[in-house]
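For reference, the structure is listed below as structure tokens.
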Amino acid sequence: MGGRIYHVRAAVRSRDRAEYAIRGITRITKKPTNKETAKMRIISMTKTLAAGATALALISPVHAQTVLEAVTANGKLTVATEVAYPPMEYLEDGVVVGYGKDVLDLIVADMGVELEQLQLPWDGILAGVLGKKYDLVATSVAIMPDRVDKYAFTRPLAIAETMLVRLERDDSMSGLDDVNGKIIGVELGSSQAQEVEAVDAELKANGSAGFADIRGFKSTDDIRLALASGQIDIATIPSFSLAAMQNQRPGVYARLTTIGSGTVFAWVAHPDGMDLRDRVNEALEKLEAAGTLAELQMKWFGFEMEIPADYLLDGAL
């Protein structure tokens, strides 16, 4: 009995599978209607377009924001400043002040963004902008041949000679002929340091002793303190800084002489940030045309500067 039931059930299942198979073949081989054909064509075209769009997305470059576009979108300009360079930029009662700060505030206002100003030491500040840690170095950067193809320089903000400064009470020196055997302080990595080294080489080439030592310091503030404390005999500063030094400490510092041919100072952006540099230049041109830069120079230096129009060297960005 159990054997016959098993065979009947197996036969039913076999017949059902055959019917299902026949029906499936009938459905597959059934000729589609016009409406079904149109629908299949639309589906095929949609898949083809989707595949094409995917392939195009894979081969097409994604538009990355420029530095200026990012600044505008974020509504904030991040700058790095060495606040130890009076009267360009320095701290007064914990607040950044100076000629450069006044100019920076006006430029930020013209751009319609907020300002984030980082206070950093000079050594490493240029490497930071190359590392894209901030948008702009808004401090006094000398335009030099070995820098113009690495950084996007703005229009100059100031020009100065390299000045050698002594203590007012030191009457052992009255000019460059008296610097032999003296210890001089320079800011590490500065244009003044290069000019001092050139003077030292020239003195020695002419048979003189040259400087006894050229000592490097991290900031001009450190140089002034070293001079006041007797660690060095001569300090190097940009010529526009002497008045501020004498106002801060009357009767302490005196001009010895100047060297070099004059240094032009500007701000710098990353090479990728030339559009930001151009926007800053646009604002600087407005300030110059309105006479605002001249007014700020009188305020902070006591005189107007003749800043060269042709300031970029060969190979500059």
Side-chain angles (χ1 to χ4, degrees), residues 61 63-71 77-82 85 88-89 99-100 103-104 107 111 118 120-162 186-202 214 216 220 236-240 258-289 293 305-317:
H63 172 69
Q65 280 186 319
T66 67
V67 176
L68 179 59
E69 288 173 345
V71 167
L77 177 68
T78 303
V79 308
T81 304
E82 182 203 18
Y85 213 57
M88 294 295 287
E89 44 269 329
Y99 170 72
V103 174
L104 180 62
I107 287 175
M111 293 177 64
L118 309 176
L120 300 175
W122 170 254
D123 56 327
I125 201 169
L126 294 179
V129 77
L130 289 183
K132 299 186 177 181
K133 295 180 179 179
Y134 25 84
D135 305 312
L136 187 74
V137 173
T139 203
S140 304
V141 183
I143 299 178
M144 299 166 58
D146 61 344
R147 292 176 178 168
V148 295
D149 61 346
K150 298 176 183 176
Y151 311 97
F153 276 90
T154 67
R155 291 166 58 91
L157 281 78
I159 185 170
E161 294 178 295
T162 296
V186 299
E187 187 173 19
L188 291 169
S190 67
S191 59
Q192 287 89 5
Q194 294 185 14
E195 290 180 333
V196 166
E197 290 170 356
V199 168
D200 185 56
E202 185 176 352
I214 301 175
T220 53
T236 53
I237 63 169
S239 54
F240 52 61
T258 57
I259 60 174
S261 56
T263 301
V264 180
F265 295 94
W267 297 338
V268 298
H270 188 280
D272 292 344
M274 287 191 286
D275 61 336
L276 173 62
R277 182 271 308 276
D278 294 341
R279 180 65 181 86
V280 171
N281 281 349
E282 179 185 322
L284 284 171
E285 288 174 8
K286 293 179 185 177
L287 294 175
E288 185 176 10
L293 287 183
M305 294 182 173
E306 292 290 336
I307 298 176
D310 185 16
Y311 59 91
L312 286 180
L313 306 175
D314 291 341
L317 298 175

Subject >> Atom of Ala266, atom of Leu157 and distance for their closest heavy-atom approach >> reply: CA-CD1, 4.2 Å
Original post:
Which atom pair, heavy atoms only, marks the closest approach of Thr154 to Val280?
Top reply: CG2-CG1, 4.0 Å
Subject >> 4.5 Å side-chain heavy-atom contact, Thr236 and Ile259 >> reply: no
**OP:** Report yes if the side chains of Val137 and Trp267 come closer than 4.5 Å at any heavy-atom pair, otherwise no.
**Re:** no
Original post:
Looking at CG of Leu77 and CG of Leu68, how far apart are the two atoms once the value is rounded to the nearest 0.5 Å?
Top reply: 9.5 Å
Subject >> Closest approach of Val264 to Pro156 (non-hydrogen atoms, all atoms of both residues) >> reply: CG1-CB, 3.2 Å
Original post:
Does the side chain of Leu120 reach to within under 4.5 Å of the side chain of Tyr134, using non-hydrogen atoms?
Top reply: yes
Original post:
Do Thr139 and Trp122 have side-chain heavy atoms sitting under 4.5 Å apart?
Top reply: yes
With a cut-off of 3.5 Å and sequence neighbours excluded, list every side-chain donor-acceptor pair involving residues 143-150.
{"unit_1": "Arg147", "atom_1": "NH1", "unit_2": "Ala142", "atom_2": "O", "d": "2.9"}
{"unit_1": "Arg147", "atom_1": "NH2", "unit_2": "Gly189", "atom_2": "O", "d": "2.8"}

Original post:
Are the side chains of Asn281 and Arg155 in touch, meaning some heavy atoms are under 4.5 Å apart?
Top reply: yes
**OP:** Taking all heavy atoms of Thr263 and all of Glu195, pick out the closest pair and write down the distance.
**Re:** OG1-OE2, 3.9 Å
Original post:
With side chains defined as the heavy atoms from C-beta onward, is the minimum distance between Leu136 and Val67 less than 4.5 Å?
Top reply: no
Original post:
Which residue pairs pass the salt bridge (charged side-chain N to carboxylate O under 4.0 Å, His left out) test with at least one member in residues 123-132, sequence neighbours excluded?
Top reply: Lys132-Asp272
Subject >> Proximity of Phe265 and Tyr99 rings by center, below 6.0 Å >> reply: no
Subject >> Glu202, CD: over 12 other non-hydrogen atoms inside 6.0 angstrom >> reply: no
Original post:
Does the side chain to side chain contact (heavy atoms under 4.5 Å, CB included) test come out yes or no for Gln192 and Val186, once each step is laid out?
Top reply: CA-CA 7 Å; Gln192 287 89 5; Val186 299; 5.5 Å; no
**OP:** Check Phe240 against Ile159 and note the closest heavy-atom contact, atom names and distance.
**Re:** CD2-O, 4.0 Å
Donor-acceptor pairs are to be reported for all side-chain atoms of residues 310-317 against protein atoms at under 3.5 Å, with residues two or more places apart or in another chain.
none

Original post:
Distance only, no hydrogens: is a donor on one side chain within 3.5 Å (strictly under) of an acceptor on the other, for Glu89 and Thr81?
Top reply: no
Original post:
Got Ile107 and Met111 here, is their nearest side-chain heavy-atom distance under 4.5 Å?
Top reply: yes
Original post:
What is the minimum heavy-atom distance between Ile307 and Ala158, and which atoms define it?
Top reply: CD1-N, 3.9 Å
Original post:
What distance do Leu287 atom CG and Glu282 atom CD have between them, rounded to the nearest 0.5 Å?
Top reply: 11.0 Å
